[in-house]
Enquirer: 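Input: one structure, supplied below.
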Amino acid sequence: GDRGSANTLWAACEKELKLIKSVENWSKADLDILRIGIIKTAECYITARQTDKAKGLLDKVAPWFENDPEFKEKYNELTK
């Protein structure tokens, strides 16, 4: 893939993520998509040796997924 385009897209998505104040009224499907996207993005950051970015991203959304065992498992795996 095109690294520059990917970085531009990720930067735009991170701006959008900062605008989210609460996910309490989100549907399960929306939360699933967000969780999957966050985990995949964190994995990409780690692959690109940007572990601080990965941890920061995971920490930002962790409160939203505190009751999600799948997220907790991936969080622990990716931040060890």
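Only this structure's heavy atoms are used, side chains among them; waters, hydrogens and symmetry mates stay out.
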Enquirer: Spell out, as yes or no, whether a donor-acceptor pair under 3.5 Å connects the side chain of Lys72 to the backbone of Asn67.
Expert: no
Enquirer: Show the nearest heavy-atom pair for residues Ala42 and Ala54, with the distance to one decimal.
Expert: O-CB, 3.6 Å
Enquirer: What's the shortest heavy-atom distance between Thr41 and Gly37, and which atoms?
Expert: OG1-O, 2.8 Å
Enquirer: Work out which heavy atom in Trp26 is nearest to a heavy atom in Leu34; give both atom names and the distance.
Expert: CZ3-CD2, 3.7 Å
Enquirer: Report yes or no: do Ile39 and Ile20 belong to one cluster of Ile/Leu/Val/Met/Phe/Trp/Tyr joined by side chain heavy-atom distances under 4.5 Å?
Expert: yes
Enquirer: What distance do Ile36 atom CD1 and Phe71 atom CZ have between them, rounded to the nearest 0.5 Å?
Expert: 12.5 Å
Enquirer: Indicate whether any N or O donor in one side chain lies under 3.5 Å from an N or O acceptor in the other, for Tyr75 and Asp59.
Expert: yes
Enquirer: Which value, rounded to the nearest 0.5 Å, describes the distance between Glu73 atom CD and Leu78 atom CG?
Expert: 10.0 Å
Enquirer: Could you go through the salt bridge (charged side-chain N to carboxylate O under 4.0 Å, His left out) check for Asp32 and Arg35 one step at a time?
Expert: CA-CA 5 Å; Asp32 287 346; Arg35 177 180 30 79; 2.8 Å; yes
Enquirer: Let me check something: do Val23 and Ile38 share a hydrophobic cluster, defined by ILVMFWY side-chain heavy atoms less than 4.5 Å apart, either directly or through other members?
Expert: yes
Enquirer: How long is the straight-line distance from CG of Asp30 back to CG of Asn25, given to the nearest 0.5 Å?
Expert: 11.0 Å
Enquirer: Show your working on side chain to side chain contact (heavy atoms under 4.5 Å, CB included) between Asp68 and Leu31 and close with a plain yes or no.
Expert: CA-CA 10 Å; Asp68 184 322; Leu31 285 171; over 6 Å; no
Enquirer: Counting C-beta onward and ignoring hydrogens, is there a side-chain heavy-atom pair between Tyr45 and Leu57 closer than 4.5 Å?
Expert: yes
Enquirer: Please round to the nearest 0.5 Å and tell me the distance separating atom CD of Glu24 and atom CH2 of Trp64.
Expert: 12.0 Å
Enquirer: Any salt bridge between Glu43 and Lys74, counting N to O under 4.0 Å?
Expert: yes
Enquirer: How about Lys40: does its NZ atom have over 12 heavy atoms from other parts shown lying under 6.0 Å from it?
Expert: no
Enquirer: Are Thr79 and Thr51 side-chain neighbours, meaning at least one heavy-atom pair lies under 4.5 Å?
Expert: no
